[in-house]
Protein chains: 2
Amino acid sequence: MRKGEATRGRIIDSAARLAAVRGLTAVSLGDVAEVVGLSKSGLFKHFESKDDMRMAVVETVMERFGEFVWKPAETRPPGRGRLEAVFERWLHWCESEWAESGCPIMQLTIELDDQPGPTRDYLHKGLGVFRGALVREFQALRDPPLTEAEAKAAYFQMRSFILGLSEARRMMGDADAERSARAAFEALLDRTARPADA
Amino acid sequence: MRKGEATRGRIIDSAARLAAVRGLTAVSLGDVAEVVGLSKSGLFKHFESKDDMRMAVVETVMERFGEFVWKPAETRPPGRGRLEAVFERWLHWCESEWAESGCPIMQLTIELDDQPGPTRDYLHKGLGVFRGALVREFQALRDPPLTEAEAKAAYFQMRSFILGLSEARRMMGDADAERSARAAFEALLDRTARPADA
DNA sequence: ACAGAAAGTGAACGGTCGTGCTCTTTTTCC
DNA sequence: GGAAAAAGAGCACGACCGTTCACTTTCTGT
């Protein structure tokens, strides 16, 4: 039962990389089979249907996102340093780990946001947990802690800069985008950590 | 030759709405034909191929974006009021005009950003022109005008907030997102218009 | 080492895809 | 109002889609 798991992993990995480029729906079993070096029918020893495979891709991507972006920052003490670490890893996730295709979560979000179903639900839940954790980090950033609404607004901006970076780099080819994103985030931290004013 | 143009318009419109939901690649000619009330082969009297139709969709969407978002603001005098008008129309474009599907340009951008070809080129060009216009608006916002780099950074944030709003509303179901986006944009204008500090 | 399970193949299925073809209906122009 | 052109219908095609099934090969536990 060992070999199977390894193959299953390779299938998911290939499918995820294809999905990050063309979208999950546009990935055919034939394409995946070819990339991974299997026959189409061989895939069905690892997934009971294409929907099943799609779900596995979404789950795996979300899992890896947590490992890659959140986990390394978790070791740091809460506060500005931890938020900066998350942002830095997040940039790295989008710009290096998925350099050829762009962040698959972004692709999946746009693809699934208006298509109800278990995959959308899973994505929604995962993003919600991540957002919740970051909102708490933002709250703890200031001595009289930020209200939840303030922290949510800060997360909104943080997330926006990541999205903006992807478009600027991938579609517009803007080489300065990473600098812009980093600067915008640092300025956000500055004015969020500052105690009194709006 | 009149009837044909009207039908062509209806085809493009239906195709665009379907594409905003599922993505342009995932729209089949059969689907479009059914929605518009034509036979599949009838479509070929208006487009020489599916690629041709895809291109027409992209062109039309970009054209309408200009009419809807930029044109109403153009009548205003340059300055903060015009930028606010653009932002407001942009929100309206995303949240009302394409309420059921989300902004098609966002969908197209994510779908095409790593798929070279004429459609991507067209999208790239259109977005570039729009960005250029807004960058100039930002430059004129302050009395000693902003450097181009500063203005680009400001546009980067403006665009980011629009992207962030879409994800927050459509995927996360965040009802406060529109308020967050507006507040973030106003704060951006405040600190951009202010003369001296970084 | 050998039995049984797991992993993988190849052919075939019904369905849908984009596209060409011929043919009929409708519109447009003088 | 009638001829030419445009708009559209219907059918058939080859290719590919996801899935099934019977079969062979490879691995794994004892």
Side-chain angles (χ1 to χ4, degrees), chain A residues 1-60 107-108 111-112 115-120, chain B residues 1-60 107-108 111-112 115-120:
Chain A
M1 201 205 293
R2 189 66 53 78
K3 173 108 176 293
E5 283 177 24
T7 309
R8 188 183 150 101
R10 274 166 45 226
I11 295 171
I12 292 177
D13 191 73
S14 302
R17 301 220 163 252
L18 287 173
V21 175
R22 328 180 196 170
L24 197 46
T25 317
V27 175
S28 82
L29 296 184
D31 294 331
V32 176
E34 195 185 351
V35 170
V36 83
L38 273 185
S39 65
K40 247 197 321 175
S41 52
L43 297 178
F44 283 86
K45 292 288 142 97
H46 303 280
F47 306 96
E48 49 181 62
S49 68
K50 198 198 176 182
D51 271 350
D52 188 27
M53 189 184 83
R54 294 169 76 235
M55 189 54 154
V57 167
V58 174
E59 285 172 0
T60 303
Q107 167 86 47
L108 289 170
E111 189 176 352
L112 299 175
Q115 286 181 294
T119 46
R120 199 210 112 109
Chain B
M1 203 204 292
R2 187 66 53 75
K3 173 106 176 292
E5 283 178 23
T7 308
R8 188 183 149 102
R10 274 165 46 226
I11 296 171
I12 292 177
D13 190 74
S14 302
R17 301 219 163 253
L18 286 173
V21 175
R22 329 180 195 169
L24 197 45
T25 318
V27 175
S28 82
L29 295 184
D31 295 330
V32 176
E34 197 185 349
V35 170
V36 84
L38 273 186
S39 67
K40 247 197 323 174
S41 53
L43 297 178
F44 283 86
K45 292 289 141 110
H46 303 279
F47 306 96
E48 50 182 62
S49 70
K50 198 197 176 184
D51 270 350
D52 187 27
M53 190 183 82
R54 293 169 78 236
M55 190 50 154
V57 167
V58 174
E59 285 172 358
T60 302
Q107 167 84 48
L108 289 171
E111 189 176 352
L112 299 176
Q115 286 180 294
T119 47
R120 198 209 112 106

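By convention in this document, chain letters (A, B, ...) are assigned in the order of the sequence lines, proteins followed by strands, and residues within each chain are numbered from 1.
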Output the rounded distance in Å from [atom1] ([X]) to [atom2] ([N]).
{"X": "A:Phe47", "N": "D:dT19", "atom1": "CZ", "atom2": "P", "value": "12 Å"}
{"X": "A:Lys45", "N": "D:dA22", "atom1": "NZ", "atom2": "P", "value": "12 Å"}
{"X": "B:Leu38", "N": "C:dT24", "atom1": "CG", "atom2": "C1'", "value": "15 Å"}
{"X": "A:Glu34", "N": "D:dG18", "atom1": "CD", "atom2": "P", "value": "13 Å"}
{"X": "B:His46", "N": "D:dG8", "atom1": "NE2", "atom2": "C1'", "value": "8 Å"}
{"X": "A:Leu43", "N": "D:dC16", "atom1": "CG", "atom2": "P", "value": "17 Å"}
{"X": "A:Arg8", "N": "C:dG8", "atom1": "CZ", "atom2": "C1'", "value": "16 Å"}

Exam field: side chain A:Lys50 to backbone A:Val27, donor-acceptor pair closer than 3.5 Å: yes

Quick one: does any side-chain atom of A:Glu111 pair with a main-chain N or O of B:Gly23 as donor and acceptor, under 3.5 Å? no

When rounded to the nearest 0.5 Å, the distance separating CG of B:Leu24 from CG of B:Leu108 is 6.0 Å

A:Gln115, CD atom: more than 12 neighbouring heavy atoms under 6.0 Å: yes

Considering only heavy atoms from C-beta outward, does the side chain of A:Met53 approach that of A:Leu29 to under 4.5 Å? yes

Table of protein N/O atoms under 3.5 Å from nucleotides 15-19 of chain C N/O atoms:
| residue | atom | partner | partner atom | Å |
| --- | --- | --- | --- | --- |
| C:dC17 | OP1 | B:Ser28 | OG | 3.0 |
| C:dG18 | OP1 | B:Leu29 | N | 3.4 |
| C:dG18 | OP1 | B:Lys50 | NZ | 2.9 |
| C:dG18 | OP2 | B:Leu29 | N | 2.8 |
| C:dG18 | N7 | B:Lys40 | NZ | 3.1 |
| C:dT19 | OP2 | B:Lys50 | N | 2.7 |

Salt bridge present between A:Arg54 and A:Asp51 (N-O < 4.0 angstrom): yes

